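It should be emphasised that the depicted structure is a prediction, and the values quoted were computed from it without experimental measurement. Just so it is clear: chains get the letters A, B, ... in the order the sequence lines come, proteins before strands, and each one is counted from 1.
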Amino acid sequence: MQNLLHNLNSEQLAAVTLPAQSALILAGAGSGKTRVLTTRIAWLIQTGQISPQSVLAVTFTNKSAKEMLTRLSAMLPINTRGMWVGTFHGLCNRLLRAHHKDAGLPQTFQILDSSDQLSFIKRLLKANNIDDEKFPPRTLMYFINGAKDKGLRAAAVDAYDDTDRKMVALYDLYDAQCQREGVVDFAELLLRTYELLSRNQPLREHYQSRFKHILVDEFQDTNDLQYKWLKLMAGNQAAVFAVGDDDQSIYAFRGANVGNMSAFEREFQVKNLIKLEQNYRSHGHILDTANALIEHNSKRLGKNLRTDAGHGELVRISESSSDIQEAQWIVEEAKNLMREGSSGSEIAILYRSNAQSRVLEHALFTAGLPYRVYGGQRYFERAEIKHAIAYMQLMDNPHNDSAFLRVVNFPTRGIGARSLEQLQDAAKQYGISLYAAVPYVSGKAGTSLGNFVKLIEGARFETHNLPLPEMVKVVLDISTLLIHYQTEKEGADRIENLEQLINAATLFVSEEGYGHAAPALAGPPSQLAASLLSAPDGIQIIDADAALPTVMSPLSAFLSHASLEAGDNQAQAGQDALQLMTVHAAKGLEFDAVFITGLEEGLFPHENSAKEETGVEEERRLMYVAITRARKRLYITFSQTRMLHGQIRYNTRSRFFDEMPEESLKWLSPKVQASWFGNKKSAWDDAPESGVNAIAQGFAKNQGGSGWRIGQGVMHAKFGEGVIVNIEGSGTNARAHINFGQFGMKLLDLSIAKLDKIGS
DNA sequence: CAACACTTACGCGGT
DNA sequence: GTAAGTGTTG
């Protein structure tokens, strides 16, 4: 036990060894949050206070769940089985599979990922003749998910106008259709579990008395439903150990509610609020920059990171004339770092939005530097994999109309739009699934559809006794997917991916403990330990623990896995590659050197954030997250011009520069009076570093005669102060694009408009 | 049903 | 700029 605790600082130690009461741990960036969480569990078990069975640990991502389990098994001699560690969605899936009857779901219910959900909604709108101009599928999806994330069914949603009322009706329709097809979306997993436990007292009491300790990671990211779910799970007995950082709350846009932290403090009567403020990651100037920036947010629980690592280097700021120059500057600087011995994988280039990656990639590619972009398409999201999965979904649950429509004519087998129209009419008429409606379609269409059904039935028959990987093999064969891609010229990669699916199944079977000989399709329950537990009132409850391998067939399990864990996204290039990703994707990661790019008004903070009151504060937290990714060296770059949506945009530097401490920054390029809002800087500063000269030349190239130049501040009688951002034509034809701030960009004829020069 | 031109939108993203 | 969706052809 000694060695479990001996490396902890006093804050961490206090957190780990708290009494069995609910506690809130405010864990700053790089303060050893995961360590505290896992050591807490290990300590509780090792000191004999609790048994592994009474632990429930919840995370948001599979990655952190996996990491937690890995660390736990390193700390504890015991098997981590019996402990429940997983994502909200993974745990809910488990509960719903075990108690599917009570939850009103078929045993083989299937999980829609976001793209499945969107196409589901499009199909729903079409089938009900809803104008998708008036009700855009995306809007409806946000509406539905937003309601579910608050724990609201259609009947409980308030609607104040006709559009809202229609949306509510569509929400209801959507739920009914999901129920008919035996599919659930991500939010439904949580909502359905919540409803199951709140309505079913014996079940609720069973789990409440089992889980004495509930631990939650990234608590600031919980939405309203997840918070309610936790309250329900906890009952009034469990100790909830919540770890989070309000300053790193960057997911409000998808329903996360930081307010849950203070609500938790209040409602769980938290006596123990512990702040982890010792940072083990970043050097002083980097932390000072982060601290000073986040100070500008109003609603904070209050926290200040400190380090023993010394001041370290200043934060380097670089300005460029264009996004291309910015990228080239970064490439040069990264090359220098690598020449000095840095490993590429320890250098991250961060950006606010994905669109920015293209220019960076181009520059890196031209320079021949290996790089890796995070956030691309994931394995299970690829079209060919989705197709293969759809065949298996149909075998497991033929009423999944989405799966049916995806592959009924892929590869093509002469079933066109007309046949499907007939089929959809029949399905609607009888209120049944497309698959079930096939016998009601007559004629030629009926024959080809019948053949498709025979194909699925045949696949099911042929594979019902096969282990999962064998089954995948047969499906790839019978579906003719492999043959189809063999005849396609660009199909080689797809074939390779499809063959990978067999490996994925093999891996899944061995990792999740589905024995090789177990029937792939749901058959008689195997002999695996089914612990039948007695509920207080004598009702027999099969605990979801042991129930998983018995209640869920390997196929159902694999299909869940495919939906819940989309797999790795493709990684380009070699081992030692520069890391490119959005700031969001960088959360939780750290690097020796970090470039934060595009620090411009409208981009970072993003222009859309100005719409909501709390928007800029979230952007600031996002910047805080970005800064705190860096260990030793931090670069922040911005550019005067940027290609966006195929058009050149003229940006001014981000307001965040004015919120960072001057004494921690080192400007590597001239601070041109870039803003009409009165930024103070205007001098050259410091010796230029690599790449700077080229940039300086870049924006010395101002155009136009007669004293007008790009960057010139002007005063207009009507629009007030502005800045010339571009000049076209010359002489009497010269016209200037002028940014007038709140009045926007104007194109004015320089020989006509009455403009006065202002500034230097 | 495939191939092509044309329109449209376009923020961050794990489950 | 580009990807995805729609409409129009052969």
Side-chain angles (χ1 to χ4, degrees), chain A residues 58-65 86-93 111-119 122 126 132-133 136-138 142 145 148-149 184-191 193 217-218 221-223 225-226 249-256 323 350-359 361-362 374-378 380-381 383 409-420 488 560-569 581-588 598 602-612 615 618-619 621-623 625-626 642-649:
Chain A
V58 199
T59 65
F60 279 86
T61 64
N62 293 300
K63 197 175 154 208
S64 25
T87 63
F88 278 104
H89 298 85
L91 297 169
C92 286
N93 181 41
I111 303 165
L112 302 178
D113 67 23
S114 336
S115 64
D116 296 335
Q117 189 187 15
L118 188 63
S119 29
K122 285 178 186 167
K126 203 168 264 176
D132 59 3
E133 302 252 309
R138 268 176 204 286
Y142 294 144
N145 290 342
K148 288 193 182 186
D149 284 345
V184 300
D185 59 54
F186 285 131
E188 183 71 22
L189 284 171
L190 275 121
L191 184 51
T193 308
D217 192 17
E218 306 277 17
D221 288 339
T222 51
N223 63 34
L225 178 56
Q226 285 157 342
S249 159
I250 56 174
Y251 286 113
F253 70 91
R254 67 179 196 213
D323 47 356
L350 309 183
Y351 34 84
R352 176 67 182 81
S353 62
N354 280 311
Q356 288 167 254
S357 79
R358 263 197 47 244
V359 177
E361 285 187 65
H362 179 77
Y374 283 74
Q377 209 187 21
R378 317 277 253 354
F380 284 108
E381 286 166 357
N409 197 35
F410 191 92
T412 48
R413 41 178 77 89
I415 301 172
R418 283 185 64 88
S419 313
L420 288 178
E488 214 175 56
S560 296
H561 169 79
S563 303
L564 291 175
E565 207 169 337
D568 287 334
N569 37 38
M581 66 194 82
T582 63
V583 180
H584 280 92
K587 187 167 164 229
L603 192 62
F604 203 174
H606 197 279
E607 52 199 351
N608 292 1
S609 72
K611 286 176 193 157
E612 309 123 62
E618 178 141 323
E619 296 289 308
R621 290 193 293 270
L622 197 50
M623 184 61 189
V625 167
R642 188 174 295 279
M643 189 69 100
L644 198 68
H645 304 332
Q647 281 188 320
I648 294 175
R649 294 235 326 209

Discussion item. Need one value for A/F253: base, sugar-phosphate or nothing, where a base atom within 4.0 Å counts as base even if backbone is also close, heavy atoms only.
Written reply: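 Answer is base: heavy atoms of A/F253 come under 4.0 Å of a base.
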Worksheet item: What integer number of Å spans the P atoms of B/dG13 and C/dA4?
Response: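 Looking at atom P only, B/dG13 and C/dA4 are 16 Å apart.
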Item to complete: Specify whether A/H584 and A/Y251 have parallel, tilted or perpendicular ring planes, treating 30° as the upper limit for parallel and 60° as the lower limit for perpendicular.
Response: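 Because their plane-to-plane angle lies in the 30° to 60° range, the rings of A/H584 and A/Y251 count as tilted.
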Discussion item. Can you see if the side chain of A/S563 gets near the phosphate of B/dT15 - specifically, an N or O under 4.0 Å from OP1 or OP2?
Written reply: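 So the side-chain polar atoms of A/S563 never come under 4.0 Å of the phosphate oxygens OP1 or OP2 of B/dT15.
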Worksheet item: How close or far is atom C1' of B/dC12 from atom CD of A/E607, stated in whole angstroms?
Response: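 That distance rounds to 14 Å.
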Fill in: NZ/NE/NH1/NH2 to OD/OE distance under 4.0 Å, A/R621 and A/E618
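A/E618 and A/R621: salt-bridged.
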Practice prompt. Calculate the interatomic distance between A/L622 atom CG and B/dC12 atom P; express it in whole Å.
Written response: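 Whole-Å distance recorded here is 11 Å.
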Worksheet item: Between A/H561 (NE2) and B/dT15 (P), how many Å, whole number?
Response: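 My rounded result for the distance is 11 Å.
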Discussion item. Rounded to whole Å, please give me the gap between NE2 in A/H362 and C1' in C/dG1.
Written reply: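 Atom NE2 in A/H362 sits about 13 Å away from atom C1' in C/dG1.
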Worksheet item: Quick one: A/E618 CD to B/dG13 P, roughly how many Å, whole number?
Response: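 Atom CD in A/E618 sits about 13 Å away from atom P in B/dG13.
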Fill in: Interatomic distance where CD belongs to A/Q356 and C1' belongs to B/dC10 [whole Å]
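In whole Å, B/dC10 C1' and A/Q356 CD are 13 Å from each other.
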Worksheet item: Quick one: on DNA chain B, does A/L189 or A/S609 contact a more 5' nucleotide (nearest heavy atom)?
Response: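 Counting from the 5' end, the first nearest nucleotide belongs to A/S609.
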Worksheet item: Counting only side-chain N and O atoms of A/R378, is one of them less than 4.0 Å from OP1 or OP2 of B/dT15?
Response: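 Answer is yes, contact under 4.0 Å.
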Worksheet item: Is there a donor and acceptor pair closer than 3.5 Å between the side chain of A/T61 and the base of B/dT15?
Response: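 Side chain to base: no pair below 3.5 Å.
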Worksheet item: Do the non-hydrogen side-chain atoms of A/R352 and A/T582 ever get within less than 4.5 Å of each other?
Response: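 No. Closest side-chain heavy atoms not under 4.5 Å.
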Item to complete: Could you check if a side-chain atom of A/T87 sits within less than 4.5 angstrom of a side-chain atom of A/F60, using non-hydrogen atoms only?
Response: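 They are not in contact (no side-chain heavy atoms under 4.5 Å apart), so the answer is no.
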Discussion item. With a cut-off of less than 4.0 Å, is there a side-chain N or O of A/N409 near OP1 or OP2 of B/dC1?
Written reply: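 Result: yes.
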Atom pairs under 3.5 Å: protein N/O with N/O of nucleotides 2-8 of chain C:
{"residue": "C/dT2", "atom": "OP1", "partner": "A/R358", "partner atom": "NE", "Å": "3.4"}
{"residue": "C/dT2", "atom": "OP1", "partner": "A/R358", "partner atom": "NH2", "Å": "3.3"}

Worksheet item: Can you find a donor-acceptor pair, distance only, under 3.5 Å between A/E619 side chain and B/dG11 base?
Response: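 Result: at least one qualifying N/O pair found.
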Discussion item. I'd like to know if A/D113 and A/R378 make a salt bridge, using a cut-off of under 4.0 Å between side-chain N and carboxylate O.
Written reply: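 Looking at A/R378 together with A/D113, the answer is no, because their closest N to O distance does not fall below 4.0 Å.
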Worksheet item: Where the side chain of A/T582 is concerned, which of B/dC12, B/dT15, B/dG11 is the nearest nucleotide?
Response: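 My answer, after comparing the listed nucleotides, is B/dC12.
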Worksheet item: OP1, OP2 of B/dC10 versus side-chain N and O of A/N608: anything below 4.0 Å?
Response: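 False: A/N608 side-chain N/O out of range (4.0 Å or more) of B/dC10 OP1/OP2.
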Worksheet item: Are the aromatic ring centres of A/H606 and A/F253 under 6.0 angstrom apart?
Response: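 Between A/F253 and A/H606, which both carry aromatic rings, the centre distance is not below 6.0 Å.
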Discussion item. How many whole angstroms separate atom CE of A/M581 from atom P of B/dG14?
Written reply: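 Answer to the nearest Å: 12 Å.
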Discussion item. Can you identify which nucleotide, out of B/dG11, B/dG13, B/dA2, has its nearest atom closest to the A/T412 side chain?
Written reply: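 Comparing B/dG11, B/dG13, B/dA2 against the side chain of A/T412, the answer is B/dA2.
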Worksheet item: Using centres under 5.5 Å plus planes under 30 degrees as the test, is A/H606 stacked with B/dC12?
Response: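 Stacking between A/H606 and B/dC12: absent.
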Fill in: N or O in side chain of A/N62 less than 4.0 angstrom from B/dG14 OP1/OP2
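Looking at the OP1 and OP2 atoms of B/dG14, neither is under 4.0 Å from any side-chain N or O of A/N62.
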Item to complete: Supply the atom-to-atom distance A/H89 NE2 to A/I111 CD1, rounded to the nearest 0.5 angstrom.
Response: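 Reported value, rounded in 0.5 Å steps: 9.5 Å.
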Worksheet item: May A/Y251 be described as stacking on the base of B/dC12, applying a 5.5 Å centroid limit and a 30° limit on plane angle?
Response: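 Aromatic stack with B/dC12 absent for A/Y251.
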Worksheet item: Below 4.5 Å, heavy atoms only, C-beta onward: do A/M643 and A/R358 meet side chain to side chain?
Response: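 They are not in side-chain contact.
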Worksheet item: Rounding to a whole Å, what distance do you find between A/E133:CD and B/dT7:C1'?
Response: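 After rounding, the reported distance stands at 12 Å.
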